[in-house]
Visitor: 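Here you go, one structure.
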Amino acid sequence: MTLSYCRETNAADWLVRSDTPAGQLITFGPAGFEAYARLRFIPDPTGPGQSETDADVPTEHPSDVEQTRRALRLLAAFTSTPQECYFCLWEGYSDAPLPPQVQRGPLVELPHRRYALLRGALGDIDAWETDLGAGQNIAPPAFVWPADHRWCLASDVDPHWAGIGAEQAAIDALLADSQLDVVPANPQGSQPQYR
């Protein structure tokens with residue numbers, strides 16, 4: 001396994017001790033970044049009460065992990081610590097269960113969520129499915145951030161998108177990538193959601 005589970009969770013203290021409202025924290029990361037965006041895994045709903053299964057998604061549409069991986073590759077240019085990054089895996093993912101020794105903790109505890117903390121290089125996202133899902137298509141990391149805290153990607157289990165906080169130049173790079181569906185976002189506002 002290229003990523004390693006952390007026996008200590010103090011690298012996540014900036015999340016745990018954040019005074020950012022819980023819903024905003026788990027979907028966009030901590031407050032205080034210059035700009036925010038949403039990486040849409042599937043298009044936003046087009047009408048009230050729409051289900052995710054009603055979204056018009058092409059058969060060859062990239063997986064959530066593939067889209068996350070592409071976004072992280074772009075974000076790599078906006079950190080001085082790409083070799084020291086942290087990844088959170090939500091304990092509730094049935095497709096990537098935590099090993100028994102990790103389940104016993106310690107875990108990163110945020111309101112309504114608990115996560116295993118992993119450490120590695122940003123490029124280790126390339127082995128996410130192999131390392132944690134036995135090669136199967138699994139959910140992306142719930143959080144990813146570099147040690148220098150220059151940005152944060154948050155991908156909660158409920159929304160159809162991942163929230164990203166970073167400097168404006170990093171968000172601009174994501175917005176400019178034609179292979180990603182990224183839109184500017186106000187993390188304090190309401191976000192589109194499927195029922």
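When a residue number appears, it is its place in the shown sequence, counting from 1.
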Visitor: Would you compute the distance between atom CZ of Arg113 and atom SG of Cys88 and round it to the nearest 0.5 angstrom?
Guide: 12.5 Å
Visitor: How about Glu8: does its CD atom have over 12 heavy atoms from other parts shown lying under 6.0 Å from it?
Guide: no
Visitor: Would the Trp161 and Phe28 ring centres measure less than 6.0 Å apart?
Guide: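 Ring-ring flag for Trp161/Phe28: true, centres closer than 6.0 Å.
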Visitor: Counting N and O atoms only, with roles assigned by atom type, does the side chain of Gln50 sit under 3.5 Å from a partner on the main chain of Thr46, one being a donor and the other an acceptor?
Guide: yes
Visitor: Just wondering, more than 12 heavy atoms not from Gln193 lying within 6.0 Å of its CD?
Guide: no
Visitor: Where do Leu98 and Leu107 land on the side-chain contact (heavy atoms from CB on, under 4.5 Å) test, with the steps shown first?
Guide: CA-CA 11 Å; Leu98 300 181; Leu107 297 176; 4.2 Å; yes
Visitor: Taking all heavy atoms of Ile26 and all of Pro111, pick out the closest pair and write down the distance.
Guide: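 Result for this residue pair: CG2-O, 4.4 Å.
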Visitor: In the structure I gave you, are the side-chain heavy atoms of Glu66 and Gln179 within less than 4.5 Å of one another anywhere?
Guide: no
Visitor: Grab the two heavy atoms, one from Ala170 and one from Ala166, that are nearest each other, plus how far apart they are.
Guide: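 Nearest pair, atom of Ala170 first, then Ala166: CB-CB, 3.7 Å.
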Visitor: Pro43 and Asp181: which non-hydrogen atoms are nearest, and at how many Å?
Guide: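 Shortest heavy-atom contact: CA-OD2, 4.4 Å.
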Visitor: Does any non-hydrogen side-chain atom of Ile125 lie less than 4.5 Å from one of Pro141?
Guide: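 Of all side-chain heavy-atom pairs linking Ile125 with Pro141, at least one is under 4.5 Å.
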Visitor: Does the side chain of Gln67 reach to within under 4.5 Å of the side chain of Arg40, using non-hydrogen atoms?
Guide: no
Visitor: With hydrophobic residues grouped by side-chain heavy-atom distances under 4.5 Å, do Val183 and Leu39 end up in a single group?
Guide: no
Visitor: Could you tell me whether a side-chain N or O of Gln83 sits under 3.5 Å from a main-chain N or O of Gly123, the two making a donor and an acceptor?
Guide: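 No; judged by distance alone, with no hydrogens or angles, the pair does not exist.
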Visitor: Does the side chain of Glu167 come within less than 4.5 Å of Arg150's, by heavy atoms?
Guide: yes
Visitor: Return the CG to CG distance between Leu74 and Asp172, rounded to the nearest 0.5 Å.
Guide: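 Interatomic distance, Leu74 CG to Asp172 CG, rounded to 0.5 Å: 12.0 Å.
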Visitor: Tell me the closest heavy-atom pair linking Ser155 and Ala162, and the distance in Å.
Guide: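 Ser155 and Ala162 have their closest heavy atoms at CB-CB, 3.9 Å.
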Visitor: What closest approach, in Å, do Thr2 and Asp131 show between heavy atoms, and which atom pair accounts for it?
Guide: OG1-OD2, 2.8 Å
Visitor: Are the side chains of Leu89 and Tyr5 in contact, using a 4.5 Å heavy-atom criterion?
Guide: yes
Visitor: Under the criterion side-chain contact (heavy atoms from CB on, under 4.5 Å), I'd like the reasoning laid out for Val16 against Glu109: C-alpha separation, chi angles, the key distance, then a yes or no.
Guide: CA-CA 7 Å; Val16 174; Glu109 298 201 26; 5.9 Å; no
Visitor: Between Ile42 and Tyr194, is a side-chain contact (heavy atoms from CB on, under 4.5 Å) present by the stated rule, with each step listed?
Guide: CA-CA 11 Å; Ile42 61 174; Tyr194 288 95; 3.7 Å; yes
Visitor: Could you label the plane-to-plane angle of the Tyr86 and Trp145 rings as parallel, tilted or perpendicular, counting under 30° as parallel and over 60° as perpendicular?
Guide: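 Parallel: the ring planes of Tyr86 and Trp145 meet at under 30°.
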Visitor: Under a 3.5 Å cutoff, is there a donor and acceptor pairing between the side chains of Asp44 and His160?
Guide: yes
Visitor: Start with the C-alpha distance between Leu72 and Trp151, add both sets of side-chain angles, then the distance that settles side-chain contact (heavy atoms from CB on, under 4.5 Å), and finish with yes or no.
Guide: CA-CA 10 Å; Leu72 291 173; Trp151 48 261; 3.7 Å; yes
Visitor: Roughly how far apart are Leu174 CG and Leu75 CG, rounded to 0.5 Å?
Guide: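 That separation rounds to 4.5 Å.
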Visitor: Taking C-beta and beyond as the side chain, do Phe143 and Leu110 meet within less than 4.5 Å on heavy atoms?
Guide: yes
Visitor: Less than 4.5 Å apart, any side-chain heavy atom of Arg38 and any of Pro192?
Guide: yes
Visitor: Any side-chain donor paired with an acceptor under 3.5 Å for Tyr36 and Glu34?
Guide: no
Visitor: When you group the ILVMFWY residues by side-chain heavy-atom contacts below 4.5 Å and let the links chain together, are Val57 and Leu180 in the same group?
Guide: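 No, separate clusters.
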Visitor: Counting neighbours of CG on Asp56 that are heavy atoms of other residues, nucleotides or ligands and sit closer than 6.0 Å, is the number greater than 12?
Guide: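 No, the 6.0 Å shell around CG holds no more than 12 heavy atoms from other groups.
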Visitor: On a heavy-atom basis, which atom in Pro146 and which in Thr81 lie closest, and how many Å separate them?
Guide: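 Nearest heavy atoms, Pro146 then Thr81: CB-OG1, 3.5 Å.
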Visitor: Could you state the interatomic distance from CG (Asp126) to CZ (Arg73), rounded to the nearest 0.5 Å?
Guide: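 Taking CG in Asp126 and CZ in Arg73, the distance rounds to 4.5 Å.
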Visitor: Thr27 and Asp156: side-chain donor and acceptor closer than 3.5 Å?
Guide: no
Visitor: Going from SG on Cys85 to CG on Leu3, what distance comes out if it is rounded to the nearest 0.5 angstrom?
Guide: 10.0 Å
Visitor: Measure the spacing between CD1 of Ile171 and CZ of Phe78 and express it to the nearest 0.5 Å.
Guide: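 The CD1 atom of Ile171 sits 9.0 Å away from the CZ atom of Phe78.
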